[in-house]
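Written out below as structure tokens is the structure these notes cover.
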Amino acid sequence: MVTTSTGDAQPPRAPLGSWPTPLEPMPRLARALGLGADDLWVKRDDLTGLGGGGNKVRKLEWTCGAALAEGATVLVTTGAPQSNHARLTAAAGARLGLDVVLVLAGDSGSSESGNLTLDGLFGARVVWAGEGGKDEIAATARHVAGTLRDRGAVPALIPFGGSSALGARGYVECGKELLTQVPDLASVVVALGSGGTMAGLVGSLGPERVLGVHCGAVTEPARVVSDLVSGLSGTHCPPESLRIRLDQVGAGYPVLTEPVMTALTLAARTEGIVLDPIYTGRAMAGLTAAVRAGEITPGRRTVFLHSGGLPGLFGHPPTLARAAAELAVDGDPLSI
Ligand SMILES: *Cc1c(COP(=O)(O)O)cnc(C)c1O
């Protein structure tokens, strides 16, 4: 199951996704934003193939490759209740024949839809870690791993969001893939959660061409990304060299903002592309703000990295209510 490349010192990689992902034009959205029709393209990393798709598949190929090489029998990871990473770790475990334990923030019953529906189908076991912070969740995950070890299993801890220097290799590869598809790439716009996606892209494209939109998942996004880039490349990446927009967090990570709702409806109605309220919606709202600010300009090639997240939309009641309200019509527009 694990492919080991010959000759160089590449770590083992578990094949989980379908590569390369498609690149598609978004001419109607480009014009709506004030760009030229040919200026804006979307990299469809929502179509990575495994378990409903999304950016975490690229990182899991490396972290699961390492887990298999170490003889792991069970994957343990952490996240929010609607974590796309947790869902895709559950799918990866199913694909690779490994058990999966998800240590999630909150309490049982706080949410059952969206990603959790899929976690259940994939056969993952969920341990609820309560409302404590990241340190408490990480401590619960270590405790779970210890208990599994006592029972004779071999647990592998997959990092939060899959974001370690190893996991970020998946996005170094994505950056290379993108350059073969768009040789004249000026900017790629990407949601910044746990940081590995942006870090990997910076690793292969350099800091000038990558615009990260902070989603509120970590407290110091620039430091997190710069540490990951430094870990990847072995050379220091100054946090100030990174392009990061901090203006799309709003009232906090789980909360729907008006610019995000606008971005969701705009992408849906111009291109038939579905974004999610937490990550890709923020990235698109950040792209819109960057065009307004003159940071992204007509005549240069911009790529929006679609990182997935569709199941999370169906686990986010405020967004579902707003979308349902769009169905309401006054009177009968079809009366004939
Ligand atoms: C996790 C996630 C991101 C952010 O990726 P990171 O590597 O954690 O920064 C973006 N979009 C979606 C849909 C995600 O699930």
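The analysis underlying the following values was restricted to heavy atoms, covering all of them including side chains, and did not include hydrogens, waters or symmetry mates. Atoms within each ligand, like the ligands themselves, are counted from 1 in listed order. Residues take their numbers from the sequence shown, with the count starting at 1.
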Minimum-distance protein heavy atom relative to [atom]:
| atom | answer |
| --- | --- |
| atom 5 (O) of ligand 1 | Asn55 ND2, 3.0 Å |
| atom 10 (C) of ligand 1 | Ser307 OG, 3.2 Å |
| atom 2 (C) of ligand 1 | Lys56 NZ, 2.4 Å |
| atom 8 (O) of ligand 1 | Ser194 OG, 2.5 Å |

Contacting atoms of ligand 1, where contact means under 4.0 angstrom from a heavy atom of [X]:
| X | value |
| --- | --- |
| Ala191 | 4 (C), 10 (C) |
| Ser163 | 7 (O) |
| Gly195 | 6 (P), 7 (O), 8 (O), 9 (O) |
| Gly196 | 7 (O), 9 (O) |
| Gly309 | 13 (C) |
| Asn84 | 13 (C), 14 (C), 15 (O) |
| Gly193 | 4 (C), 6 (P), 8 (O), 9 (O) |

- Trp19 and Glu61: side chain donor to acceptor below 3.5 Å: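 Trp19 vs Glu61: donor-acceptor pair found between side chains.
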- Query: Which one holds for Lys59 and ligand 1: side chain close, backbone close, both close, or neither close, with close meaning a heavy atom under 4.0 Å?
  - Reply: side chain
- Message: If we set the cut-off at 4.0 Å for heavy atoms, which region of His85 has an atom near ligand 1: side chain, backbone, both, or neither?
- Response: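 His85 to ligand 1: no contact under 4.0 Å from either part.
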- Side-chain (Lys59) to main-chain (Gly161) donor-acceptor, under 3.5 angstrom: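 Yes.
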- Task: Verify, without hydrogens or angle tests, whether Gln82 (side chain) and Gly312 (backbone) share a donor-acceptor contact under 3.5 angstrom.
- Result: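 Between the backbone of Gly312 and the side chain of Gln82 there is no qualifying donor-acceptor contact (under 3.5 Å).
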- Taking all non-hydrogen atoms of both residues into account, name the closest pair between Arg282 and Gly252 and its distance. NH2-O, 3.0 Å
- Message: Assess the residue pair Trp41 and Glu24 against the criterion (side chain to side chain contact (heavy atoms under 4.5 Å, CB included)); give the C-alpha distance rounded to whole Å, side-chain angles, the decisive distance to 0.1 Å, and a yes or no.
- Response: CA-CA 6 Å; Trp41 294 66; Glu24 297 170 353; 5.6 Å; no
- Begin with the C-alpha distance, continue with both residues' side-chain angles, and end with the deciding distance and a verdict on salt bridge (charged side-chain N to carboxylate O under 4.0 Å, His left out) for Arg301 and Asp184. CA-CA 7 Å; Arg301 200 84 69 195; Asp184 59 349; 3.1 Å; yes
- Item | Closest candidate by heavy atom, reference atom 13 (C) of ligand 1, pool Gly161, Ala283, Gly308 |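 The nearest heavy atom belongs to Gly308.
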- Query: Would you say the side chain of Leu68 lies within less than 4.5 Å of the side chain of Leu96, judging by non-hydrogen atoms?
  - Reply: yes
- Task: May I have the step-by-step check of side chain to side chain contact (heavy atoms under 4.5 Å, CB included) for Ser83 and Asn115, ending in yes or no?
- Result: CA-CA 7 Å; Ser83 167; Asn115 279 296; over 6 Å; no
- Query: Does Gly54 come within less than 4.0 angstrom of ligand 1, counting non-hydrogen atoms of the residue?
  - Reply: no
- Item | Same apolar cluster: Val74 and Leu104, side chain cutoff 4.5 Å | no
